[in-house]
S.K.: 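Pasting a structure below so you can have a look.
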Amino acid sequence: MVIDNRHRSATQSDVAKEVGVSRTLVSFAFRGAPGVSEETKQAIFDAAKRLGYRPNAVAADLARKHRSAVGLHLLDIRNEVYADILSGVRMALPQDGNRLILSVSRSVDGEDHGALESLIEARVGIIIAATLLDSDERVHELAKIVPLVSVTRPVDGVDSVYSDDAAGARAATEHLIRLGHTRIAHLAGPVYDGHTVRRQSYAQTMRDAGLKPLLLEADDFTQDAGQRAAAKLLAMTDRPTAIFTHNDPLALGAREAAYAQGLSLPSELSLVGYDNSRTSGLHGIDLTSVDLHAVELGRIAGTVALERLSNPDGPAADKRLTPQLVVRNSTAPPAGNSHVGTWRYSL
């Protein structure tokens, strides 16, 4: 039997006719249901390959009354940390099991709705979301529609896998203080629910050291946004001697802004990022950065998602990792190692 694929796709009925069995038996074979001998199963798979039949995974889920597909929402595919999270998620999912459907939002407008709704429309069984910019209220609404695992951001009552941002920001800031910097700025991203912990921890660490915080918000989380914002910091009369940024792309943007103004790193400006992306460790960049263990976050999130699919009514998971500061050549004591600065804070 020959199916003309120019006009229509082969169906289970076509496979059944080719093998000489019932359509129900073909369906059982592709669903892995009991009652089909190995010999018959192989004959069905061979016929399907000849005819070009591809099982409809969504239809199979409906037949089983179980949605096995895993949706993965990424904030910005340009940021390497999300590629690492994707790698971790794939490690956790069985190669011959759950389908992984990817959706990417646009960080510039802060709207996750379209990307998330596309996963819901694809009838996924669960969504792993890294990183959500929606409000806590909206996240809870989404979790009522489809189970949700929030990655990099803890949300009460929702499965959450994240790194301790307060500890990471504190380690970065304390590192610069120990080097002797007093004029330390923080280049933050836009304000969204669940994404202000790093700036808050930086500010508290500065105050604890008797120093005055200086915070500037970029208009996005990207390298271009970091370059624009850092240019303003570095144009100050009494510019900072060190900048700690919300993520590595912002740090790379600050690096470009420094070089554009003729500054050298780290002798004239120390720089600390956050994520410990692959780029940060490249020769010539050598960016000191906080490692949030992105691959491990993804792997744990994938495991949590599988556990949620098998136990829909279990308690919300709360998995917190401890970040690690990776010191490279972008940080050094300030010129003259002076502890005198106009930003000293009086308690």
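No experiment lies behind these values; they were computed from the predicted model shown. Starting from 1, each residue takes its place in the sequence as its number.
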S.K.: Checking salt bridge (Lys or Arg N to Asp or Glu O under 4.0 Å) for the pair K144/E141: CA distance, chi angles, key distance, verdict?
M.R.: CA-CA 5 Å; K144 292 177 181 177; E141 290 175 356; over 6 Å; no
S.K.: Say you draw a straight line from NE2 of H73 to OH of Y82; how long is it, rounded to the nearest 0.5 Å?
M.R.: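 OH of Y82 is found 9.0 Å from NE2 of H73.
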S.K.: Are the side chain of E18 and the backbone of L51 linked by a donor-acceptor contact shorter than 3.5 Å?
M.R.: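 Flag not set: sc E18 to bb L51 has no pair under 3.5 Å.
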S.K.: Could you verify whether a donor N or O on one side chain and an acceptor N or O on the other, from T288 and H175, lie under 3.5 Å apart?
M.R.: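 Result is no, nothing qualifies.
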S.K.: With heavy-atom distances below 4.5 Å as the criterion, would you say the side chains of E174 and T205 are in contact?
M.R.: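 Yes; the side chains approach each other to less than 4.5 Å.
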S.K.: If you define the side chain from C-beta out and look only at heavy atoms, does anything of L116 sit under 4.5 Å from D134?
M.R.: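 Of all side-chain heavy-atom pairs linking D134 with L116, at least one is under 4.5 Å.
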S.K.: Do S105 and L75 come close enough that some side-chain heavy atom pair is under 4.5 Å?
M.R.: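 Heavy-atom side-chain distance check passes, below 4.5 Å.
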S.K.: Hey, could you give me the OG/CD1 distance between S103 and I127, rounded to the nearest 0.5 Å?
M.R.: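 Going from OG on S103 over to CD1 on I127, the span is 8.5 Å.
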S.K.: With heavy-atom distances below 4.5 Å as the criterion, would you say the side chains of T131 and I85 are in contact?
M.R.: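 T131 vs I85: side chains apart.
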S.K.: Is the backbone of L132 close enough, under 3.5 Å, to the side chain of H195 for a donor and an acceptor to pair up by distance?
M.R.: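 Yes, the answer is positive, given that a donor and an acceptor are paired below the 3.5 Å cut-off.
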S.K.: Any sub-3.5 Å donor-acceptor pair from Y202's side-chain atoms to I184's backbone N or O?
M.R.: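 Yes, the answer is positive, given that a donor and an acceptor are paired below the 3.5 Å cut-off.
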S.K.: Hey, is CG on D156 packed in by over 12 heavy atoms from elsewhere, all under 6.0 Å?
M.R.: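 No, because the 6.0 Å sphere around CG of D156 holds 12 heavy atoms or fewer from other groups.
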S.K.: Could you tell me whether R328 atom CZ has more than 12 heavy atoms of other residues or ligands within 6.0 Å of it?
M.R.: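 Yes, enclosed.
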S.K.: Do V15 and F45 share a hydrophobic cluster, counting only Ile, Leu, Val, Met, Phe, Trp and Tyr and linking them when any side-chain heavy atoms are less than 4.5 Å apart?
M.R.: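 Same hydrophobic cluster.
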S.K.: Would you say L271 and Y259 are hydrophobically clustered, going by side-chain heavy atoms of ILVMFWY under 4.5 Å?
M.R.: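 Both belong to a single hydrophobic cluster.
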S.K.: Do D220 side-chain atoms and A225 backbone N/O form a donor-acceptor pair below 3.5 Å?
M.R.: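 The answer is no, because no donor-acceptor pair under 3.5 Å joins these two groups.
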S.K.: Determine whether K319 and T303 make a side-chain contact, defined as any pair of heavy atoms from C-beta on separated by less than 4.5 Å.
M.R.: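 No. Closest side-chain heavy atoms not under 4.5 Å.
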S.K.: Rounded at 0.5 Å granularity, tell me how far OG1 in T245 sits from CG in L250.
M.R.: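 With rounding to 0.5 Å, OG1 (T245) is 5.5 Å from CG (L250).
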S.K.: State whether the side chain of T173 and the backbone N or O of A169 hold a donor-acceptor pair below 3.5 Å, judged by distance alone.
M.R.: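 A pair under 3.5 Å: yes.
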S.K.: Can you give me the closest heavy-atom contact between A92 and R299, atom names plus distance?
M.R.: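 For A92 versus R299, the nearest heavy atoms are CB-O, 3.4 Å.
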S.K.: Only one of H181, E268, R183 clears side-chain hydrogen bond (donor to acceptor under 3.5 Å, both in side chains) with T241; which?
M.R.: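 Passing option: H181.
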S.K.: Are side-chain heavy atoms of N79 and F221 found at a separation under 4.5 Å?
M.R.: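 They are not in side-chain contact.
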S.K.: Which heavy-atom pair separates A301 from V161 by the least distance, and what is that distance?
M.R.: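 Minimum heavy-atom separation between A301 and V161: CA-CG2, 3.9 Å.
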S.K.: For E117, is there an ion pair with R138 - N to carboxylate O distance below 4.0 angstrom?
M.R.: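 Looking at R138 and E117, the cut-off is met.
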S.K.: So, D84 and S87: side-chain donor and acceptor under 3.5 Å apart, yes or no?
M.R.: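 No, no side-chain donor-acceptor contact under 3.5 Å.
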S.K.: Less than 4.5 Å apart, any side-chain heavy atom of I300 and any of L321?
M.R.: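 Counting from C-beta outward, I300 and L321 do come under 4.5 Å.
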S.K.: For N311, does its backbone N or O pair with a side-chain atom of R308 as donor and acceptor, under 3.5 Å?
M.R.: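 Such a contact is found between R308 side chain and N311 backbone.
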S.K.: Looking only at heavy atoms, which two atoms of A251 and G273 are closest? And how far apart?
M.R.: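 A251 and G273 have their closest heavy atoms at CB-CA, 3.8 Å.
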S.K.: Would you mind telling me which of V197, T196, V290, T152 makes a side-chain contact (heavy atoms from CB on, under 4.5 Å) with D165?
M.R.: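 With D165 as partner, side-chain contact (heavy atoms from CB on, under 4.5 Å) holds for just one option, V197.
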S.K.: Determine whether P323 and D291 make a side-chain contact, defined as any pair of heavy atoms from C-beta on separated by less than 4.5 Å.
M.R.: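 No, every pair of side-chain atoms sits at 4.5 Å or beyond.
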S.K.: Can you tell me how far apart CD (Q227) and CG (L187) are? Round to the nearest 0.5 Å.
M.R.: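 Result: 11.5 Å between the selected atoms.
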S.K.: So if you build clusters from Ile, Leu, Val, Met, Phe, Trp, Tyr with side-chain heavy-atom gaps below 4.5 Å, do L102 and V70 land together?
M.R.: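 Yes, L102 and V70 fall within the same hydrophobic cluster.
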S.K.: Spell out, yes or no, whether L309 and M91 are grouped together once hydrophobic residues are joined by side-chain heavy atoms under 4.5 Å, including indirect joins.
M.R.: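 Cluster IDs for L309 and M91 differ.
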S.K.: Examine the side chains of Y162 and D318 and answer whether a donor and an acceptor come within less than 3.5 Å of each other.
M.R.: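 Distance-only check passes for Y162 and D318.
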S.K.: Could you give the distance from OG (S277) to CG (L282), rounded to the nearest 0.5 Å?
M.R.: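 Here the interatomic distance stands at 8.0 Å.
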S.K.: Nearest 0.5 Å please: distance from the CG atom of D248 over to the CZ atom of R278.
M.R.: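 Here the interatomic distance stands at 12.0 Å.
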S.K.: Counting only N and O atoms by type, is there a donor-acceptor contact under 3.5 Å from the side chain of R153 to the main-chain atoms of A130?
M.R.: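 No, because the side chain of R153 does not come within donor-acceptor range (under 3.5 Å) of the backbone of A130.
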S.K.: Donor-acceptor check, side chain of N247 to backbone of Y274, threshold 3.5 angstrom: yes or no?
M.R.: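 Checking the backbone N and O of Y274 against the side chain of N247, no donor-acceptor pair under 3.5 Å is found.
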S.K.: If Ile, Leu, Val, Met, Phe, Trp and Tyr residues are connected whenever their side-chain heavy atoms lie under 4.5 Å apart, and connections chain through other members, are V326 and I177 in the same group?
M.R.: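 Per the 4.5 Å side-chain linkage, V326 and I177 are not co-clustered.
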